[in-house]
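To start, the structure itself, in C-alpha cells.
Per chain, numbering begins at 1; letters A, B, ... match sequence-line order.
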2 protein chains.
Amino acid sequence: MKRSLEHIEYKENTEALARFAKALGHPTRIAILKHLENQSCCFTGDLVEVFPLAQSTISQHLKELKNAGLIQGELKPPKIKYCIDQENWKIAKTLFQQFFD
Amino acid sequence: MKRSLEHIEYKENTEALARFAKALGHPTRIAILKHLENQSCCFTGDLVEVFPLAQSTISQHLKELKNAGLIQGELKPPKIKYCIDQENWKIAKTLFQQFFD
DNA sequence: AATACTAATCGTACATTTACGATGGTGAAT
DNA sequence: ATTCACCATCGTAAATGTACGATTAGTATT
C-alpha cells in the first residue's frame, strides 16, 4: 500500500470511531448485531442457520466483531454464547452520537 | 472472493447502514468529515494541506464519501467546494441512532 | 486560442477483506 | 481413552481498499 512510514496523528477518538465503523461496514455483521440485539445472545450455530454462509465465514465475522470489541464470547460447552459487549457498545453509541452532533 | 452468486437478502436498511459505516471506516475520512462539520465546507486543497497525504489520496477519500452520499461537491471554479450532504447525513444519523437503540 | 490553476482519474503496488472447504482443537459424555 | 459436537483456524482465491506519482480534464482568465 506504499504507506507513509510515520503514523498519522488523528484527533481524539477518530481512530476508535473508525474502527467501530469499519466493523459495522458489512451487512452481514450489521445483521448479526441486529440479531444479537433481539435475542440478546446467541450461538454460532444459530447464525449459520440464519445466514446462507459457510460456518467458517460466520466465524470470521464474529471474530472481527469481537476484535472490534462489539461482542464477547462466553464458553458454554459445547457451544459458545455470543453477546453484545455492553460496555463497548455504549462507547460506540456515544462516539457515533457525538460524531453526528 | 468466491462469492455466492445470489445476493443475500438483508432486512430493511441493513445494507444502507453498512454502506454508511463502511464509508466511515477509515480515520482519514472521519477526520475529513469532522473538518467539514467545523468549517461547514471546504476545498480539496485545504484538506491536502491539513493531512500529510497526496492530493490524489485525498481525492479518492472524497470520492468515497461522495459515493456514500455523505458529502456533495459544488463547482466554485477553479476549485470545488465540498459540504456535508445534510439530507443523507440526517438519514445516516437516524440509521445509527436506531441501530444503537 | 493559449495559459494557469485545481482536482479527478489512471496506472501501479501491496495490504486487507471476504468467501469457501478442510483441518484442528476444546470440552462433555460415553 | 475415545468419540462427538461445535467452533476456530488454516490455506487459498479473488475482490476491494489504500497509497503514491503521473496524467488528464475542466474552468476561468488572458
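- We find that CD of A:E74 is positioned 14 Å from P of C:dG27, with the value rounded to whole Å.
- Here A:T57 does not reach the OP1 or OP2 of C:dT18: none of its side-chain N or O atoms lies under 4.0 Å away.
- Computed from coordinates, the A:L62 CG to D:dC6 C1' distance equals 13 Å when rounded to whole Å.
- Put simply, the side chain of A:Q60 and the base of D:dA8 share no donor and acceptor less than 3.5 Å apart.
- In this structure a side-chain-to-backbone donor-acceptor pair under 3.5 Å is present from A:D85 to A:N88.
- Legend: residues meeting ring-ring contact (aromatic ring centres under 6.0 Å, His included) with A:H61, ordered by chain and number and at least two apart, are A:H26.
- The CD atom of B:E64 sits 10 Å away from the P atom of D:dA19 (whole-angstrom rounding).
- The 5' end of DNA chain C is approached more closely, in terms of each residue's nearest nucleotide, by B:Y82 than by the other of B:Y82 and A:G25.
- Remark: the backbone N or O of B:K90 is paired with a side-chain donor or acceptor of B:T94 at under 3.5 angstrom.
- A:I8 has its CD1 atom 7 Å from the P atom of D:dA19, to the nearest Å.
- Remark: P of D:dA19 and NZ of B:K63 are 15 Å apart, rounded to the nearest angstrom.
- With rounding to whole Å, A:H61 atom NE2 is found 15 Å from D:dT9 atom P.
- Where A:A54 and B:F43 each meet DNA chain C at their nearest nucleotide, the meeting point lying more 5' is that of B:F43.
- In this structure, CZ of A:R19 is placed 15 Å from P of C:dT16, rounded to the nearest angstrom.
- A:K76 comes within 4.0 angstrom of nothing in the nucleic acid, heavy atoms only.
- If you measure from atom NZ of B:K79 to atom P of C:dA4, you get 18 Å, rounded to the nearest angstrom.
- Taking the centre and axis of the six-membered ring of B:F43, the NZ or CZ atom of B:K79 falls inside the cone set by 45° and 6.0 Å.
- Note on B:S59: a base of the nucleic acid sits closer than 4.0 angstrom, heavy atoms only.
- Among the protein residues, B:K66 comes within range of no part of the nucleic acid, since none of its heavy atoms lies under 4.0 Å from any strand.
- Set against C:dA19, D:dC20, C:dA7, the side chain of A:L53 has C:dA19 as its closest nucleotide.
- Distances from the side chain of A:K22 to the nucleotides C:dA8, C:dT16, C:dC20 place C:dT16 closest.
- More than 12 heavy atoms of other shown residues, nucleotides or ligands fall within 6.0 angstrom of atom NZ in A:K34.
- Using a 4.0 Å heavy-atom criterion, one finds that B:L75 contacts the sugar-phosphate atoms exclusively.
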